[in-house]
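These notes concern the structure reproduced below.
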Number of protein chains: 2
Amino acid sequence: MSPPARRTTLVDDVYESIKGQLMDLVIEPGARVNIEALARDLAVSPTPVREALARLESDGLVRKRAMSGYTATPLLTADQFEQLCQLRALLEVPAARLAANHPDAAARAALTSAVTPPSAEIDPTDYRRYAPFTAHDAAFHDRLARLSGNPMLADSIVRLHAHLHLHRLYLPAGPATDTVAEHRAVAAAIAAGEPAAAAAAMTEHLTATRARHIVAFSTTETGKE
Amino acid sequence: MSPPARRTTLVDDVYESIKGQLMDLVIEPGARVNIEALARDLAVSPTPVREALARLESDGLVRKRAMSGYTATPLLTADQFEQLCQLRALLEVPAARLAANHPDAAARAALTSAVTPPSAEIDPTDYRRYAPFTAHDAAFHDRLARLSGNPMLADSIVRLHAHLHLHRLYLPAGPATDTVAEHRAVAAAIAAGEPAAAAAAMTEHLTATRARHIVAFSTTETGKE
DNA sequence: CACGGCAGAATCCTATAGGATCTGCCGGCA
DNA sequence: TGCCGGCAGATCCTATAGGATTCTGCCGTG
């Protein structure tokens, strides 16, 4: 009965586990990732660990140097953070516009329920057991992205959230109440089916978010590549 | 002297090789990917093949079903192709605008030299030994994306090209001369440092490209997920 | 003729072993 | 003091083996 039947592969479990450790900062940005040590921690062999790391590399969460192993992706520099904000605006503002045009009014309204920050409503099977609020924020943006009706657009957006998340854990940032209020404005415009208002609210939110986070770079500058 | 010194990992070679086979349609979309068969072909063990496939999965070129192996990602449906075009417009039009604002005038002008379709100028070390023209098209868009000055934006754009490429190989599409002419217009606007004109030219190009390719779906509809 | 079940083969997934490479430390020399 | 070369330990990369699971073809039954 020890391993009688597995409905999921070890590699998948290991992948989620390592991803969680990276998101929780158990493995700090820039730190070297020891394959055998991870394998011992997870009580598996190095083989599935290597495969999981290969996937995480394509996700941009770790980097590989030939014959030298993996390292956790370092934090973004100030320039890179600016570029990330710029890219978010290019993707998420149109996503909000599209979501407001979604034909299913009920689905649009359901987004409003996602703005309330319930700390206990987070799916425990998901890998997001880390800092509750930043996970909630990511969940809201993910739902909105999927509501755009363009899965490829949603994937591109979701892919960016991992990097943002790491920075949020390094600073307390501005008051969460502001973020919730901005989310509420976006959700309201989408529920009302007003694309222009939704786009404007999202632009406002992203601008405010950038302002809340950019101050962290003035004090602690990593400077690393 | 058999394997005296390797400056690159076997996994990297295998990754590029499999990617090439997918791009060349040696492995057809939707086909099952046999790990051991690939390992025999490449004269390596299954271990590096598995690791390469894990990376390709994150790239979206293959899919994994637990306990059942990998399959090459099927061709896009008509809906997905529309979504891809929409996403390209969101990313590449701003990229053209940014490229036109690039401070280095020489770099902007260098893009113009990339519009000529020299079939022999393709880097042989690159994995793009497949259909020459579509590779040239991808190279042009890649260079333009990098010229935007936003590496994250460029990565998001490049990530979309793989899927587009597969479709280009399934149809002769419209005359290549049109594509080259459109590229020339985009490059000229960027070289001249005119963001609005560059954005307009890119919009035109993407619209025309979509029109050239969308007709292929009316005849052969895969219908698969 | 259609459908469900079963045995064999093929394939996948994980663990382990061994050769090759890199990193850190230590002593010698300018 | 500062720099360079070499050795030991740790780590990585690849190959191979074996248990577990899935797929395929065949047979029997309704």
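Quick caveat: nothing in here was measured; it's all calculated off a predicted structure. Chain naming here is simple, since letters A, B, ... match the order of the sequence lines and numbering starts at 1 in each. As a basis for the values below, the full set of heavy atoms in this structure was taken, side chains included, without hydrogen atoms, waters or symmetry mates.
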**Study point:** Integer-rounded Å distance: D:dT22 C1' and B:N34 CG
**Key:** 13 Å
Please table the atom pairs, donor to acceptor, closer than 3.5 Å between any side-chain atom in residues 26-41 of chain B and protein atoms at least two apart or in another chain.
residue	atom	partner	partner atom	Å
B:R32	NH2	B:S68	O	2.9
B:N34	OD1	B:E36	N	3.1
B:N34	OD1	B:A37	N	3.2

**Study point:** Verdict with reasoning, B:E82 to B:R210, per side chain to side chain contact (heavy atoms under 4.5 Å, CB included)
**Key:** CA-CA 8 Å; B:E82 287 285 359; B:R210 174 189 164 283; 2.8 Å; yes
Check your understanding: Which part of the nucleic acid, if any, lies within contact of B:V14, taking any heavy atom under 4.0 Å across all strands shown: a base, the sugar-phosphate backbone alone, or nothing?
Key -> nothing
Check your understanding: Taking atom types as modelled and ignoring hydrogens, do the side chains of A:R50 and B:T47 form a donor-acceptor contact shorter than 3.5 angstrom?
Key -> no
Exercise for review: Among the candidates D:dC13, D:dT14, D:dT22, find the nucleotide nearest to the side-chain atoms of A:K64.
Suggested key: D:dC13
Check your understanding: Will you find, in the side chains of B:H141 and B:H205, an N or O donor that is under 3.5 Å from an N or O acceptor?
Key -> yes
Check your understanding: Among residues 41-57 of chain A, which residues get a heavy atom nearer than 4.0 Å to DNA chain D?
Key -> A:R50
Point to revise | Whole-Å gap separating C1' (D:dC12) and CZ (A:R40) | key: 14 Å
Check your understanding: Starting at CE of B:M67 and ending at C1' of C:dA10, how long is that distance when rounded to a whole Å?
Key -> 16 Å
Exercise for review: Give the minimum heavy-atom separation between A:V49 and A:V44, together with the two atoms involved.
Suggested key: CG2-CG2, 3.9 Å
Exercise for review: For the residue pair B:H167 and B:H213, confirm or rule out a side-chain donor-acceptor distance under 3.5 Å.
Suggested key: no
Review point. When the C1' atoms of the five terminal pairs at each end define the local axes, what inter-axis angle does the helix from C:dC1-D:dG30 to C:dA30-D:dT1 show, to 10 degrees?
Key: 30°
Check your understanding: Regarding A:H183 and A:D137, is there a side-chain donor-to-acceptor distance under 3.5 Å anywhere?
Key -> yes
Point to revise | N/O (side chain, B:R65) to phosphate O (OP1/OP2, D:dC23) under 4.0 Å | key: yes
Check your understanding: Mind checking whether B:F217 and B:F81 have parallel, tilted or perpendicular rings, split at 30° and 60°?
Key -> tilted
Review point. Rounded to whole angstroms, how far apart are CD1 on A:I35 and C1' on C:dA15?
Key: 15 Å
Exercise for review: Give a yes/no on whether any side-chain N or O of B:S68 is located under 4.0 angstrom from OP1 or OP2 of C:dT11.
Suggested key: no
Exercise for review: Whole angstrom is fine here: how far is it from CG in A:L10 over to P in D:dA20?
Suggested key: 13 Å
